[in-house]
Chemist: 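Here's a structure for you.
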Amino acid sequence: MSAWCAEDHDPLVLVSGDGALLTDDQGRTFIDGNSSIWTNIHGHNHPRINAALREQLDRVAHTSFLGFTNPPAARLAERLVKLFPAETLTRVFYTDDGSTAIEVALKMAAQFRQLTGQPERTEFVAFDHAYHGDTMGASSLGGIPLFHDRFAAWQFPVKHVPDLDALRRFDPARINAVIIEPLIQGAAGMRLWPAGMLRELRAWCDAHDSFLILDEVMTGFGRTGKMFACEHEAVTPDFLCLAKGLTGGYLPLAATLTTTRVFEAFLGGPERTLFYGHSYCGNQLGCAAALASLDIFEEENVLAGLPARVARFTHALDPLRKHPRVKEVRQCGLIAGIEIHNNTAASLGVGICLRARAHGLLTRPIRDTLVLMPPLCTTDDQMAQAVTALLRVL
Ligand SMILES: *Cc1c(COP(=O)(O)O)cnc(C)c1O
């Protein structure tokens, strides 16, 4: 905060956007190199989403979801369920952001075990270096010391494992659920899981009747080259958490999808009630934006174009892969982490990203890993420009 408040600090004030570009209050334009912290999908100021929001705004902005429903929320739930194989994820619970999408998955899983006579299944397992959000419950699952250690005394107990082999050493009869960021851990610095790992994890959970919770808050909505990361390994989870890209990056809205089996455990008397809700659950504007984002996927054939787009992104990153100052480029679809060699104690990423602004690129590093994950609509020229900006600074 002292750096932010310092007399000579000149904060970047973003005032408008268009596609993959953002403009500041001095008229400078930048490529939104991290999709406004991994949220934006189809670009800023998209006419389709703008129109949907204006139309919704002329009806009503928000109404309570507590004992009521509304057309965009109902339609969106139906559309989300249809994005998965029939009879897999059939139910949708709305919240506001990634952290709360995780919270409700945890509470549903915990209550499910109580309701179904499995009180011994109390343990949640998460992976080292995981990031599942900043609320207390979600951060209990986290495995990034810098973010999570300070609050360790107040967090609920979670078993952390480095990999599948370590998971296999636990008593499976006590495990309620295993949670993972599929294919790639984001906040950890864009760390890739080995191919096939997710499928093996699903098989392990099936064999031991443990839930699999997938955190697709970052990977959802086309980022990995398919609509959802779990499709790469033909896995469906028991709980799937969506947020960031759900509204195309317009508004805070999240959804936790689950199965008929979980849903049905909550049917019955009031003692089965899941006491969980937020004021803005099922927000009409958010749901209208999300519906418009799904329309764009269909109308602009976004998914069909993704493999070629990913191939062009891979190609655009080539000069960075070969750069002597680059240790490694880790890529998953349209997500890239470019790790810089660093023999010093200080982190180099922040300085590099600050200087990239002068070359028209806006992004944020994770320590020494530079993140490039622009909106899916970014043009080839803009991709090349983003890479050139990093090369110049390096
Ligand atoms: C960002 C993120 C979250 C938390 O989402 P918020 O909307 O910031 O609360 C959770 N999991 C993953 C994988 C994320 O990238």
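Order of listing sets the numbers, starting from 1, for every ligand and every atom in it. Everything quoted here is computed from the prediction, not taken from an experiment.
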Chemist: With backbone taken as N, CA, C and O and side chain as the heavy atoms from C-beta onward, which portion of Ala243 lies under 4.0 Å from ligand 1: side chain, backbone, both, or neither?
Modeler: neither
Chemist: With a 4.0 Å cut-off on N to O distance, would you call Glu123 and Arg174 a salt bridge?
Modeler: yes
Chemist: Is a salt bridge present between Glu233 and Lys226, judged by a nitrogen-to-oxygen distance below 4.0 Å?
Modeler: no
Chemist: With atoms numbered from 1 as shown, which atoms in ligand 1 lie under 4.0 angstrom from a non-hydrogen atom of His132?
Modeler: 10 (C), 11 (N)
Chemist: Check ligand 1 against Asp215 and write out every atom of the ligand that is under 4.0 Å from a heavy-atom position of the residue.
Modeler: 10 (C), 11 (N), 12 (C), 13 (C)
Chemist: When you check the gap from the basic side-chain N to the acidic O, do Glu200 and Arg202 get nearer than 4.0 Å?
Modeler: no
Chemist: Suppose we measure from atom 5 (O) of ligand 1 to each protein heavy atom; which comes out shortest, and what is that distance?
Modeler: Gly98 CA, 3.2 Å
Chemist: Tell me which part of Glu181 gets within contact of ligand 1: side chain, backbone, both or neither, using heavy atoms under 4.0 Å.
Modeler: side chain
Chemist: Please classify the Trp38 to ligand 1 contact at 4.0 Å (heavy-atom distances, strictly less than): side chain, backbone, both or neither.
Modeler: side chain
Chemist: Does the pair Asp295/Arg79 count as a salt bridge with the N-to-O cut at 4.0 Å?
Modeler: yes
Chemist: For atom 8 (O) of ligand 1, is there a protein heavy atom at a distance under 4.0 Å?
Modeler: no
Chemist: Could you tell me if Asn50 and Asn45 have a donor-acceptor pair between their side chains, going purely by distance under 3.5 Å?
Modeler: yes
Chemist: Where on Asp97 is there a heavy atom closer than 4.0 Å to ligand 1, on the side chain, on the backbone, on both, or on neither?
Modeler: both
Chemist: Show which atoms of ligand 1 fall inside a sub-4.0 Å distance from at least one heavy-atom site of Gly133.
Modeler: 4 (C), 10 (C)
Chemist: Could you tell me, atom by atom, which parts of ligand 1 come under 4.0 Å of a heavy atom of Ser99?
Modeler: 4 (C), 5 (O), 6 (P), 9 (O)
Chemist: For atom 14 (C) of ligand 1, which protein heavy atom lies nearest, and how many Å away is it?
Modeler: Lys244 NZ, 2.9 Å
Chemist: Kindly confirm or rule out a cation-pi arrangement of Lys159 over Phe170, judged by NZ or CZ under 6.0 Å from the six-membered ring centre and within 45° of its axis?
Modeler: yes
Chemist: Under a 4.0 angstrom heavy-atom cut-off, which atoms of ligand 1 come close to Met218?
Modeler: 15 (O)
Chemist: In plain terms, say whether Asp209 and Arg261 are close enough for a salt bridge, that is, a side-chain N and a carboxylate O under 4.0 Å apart.
Modeler: yes
Chemist: Could you check whether Glu103 pairs with Lys107 (Lys NZ or Arg NE/NH1/NH2 to Asp/Glu carboxylate O, under 4.0 Å)?
Modeler: no
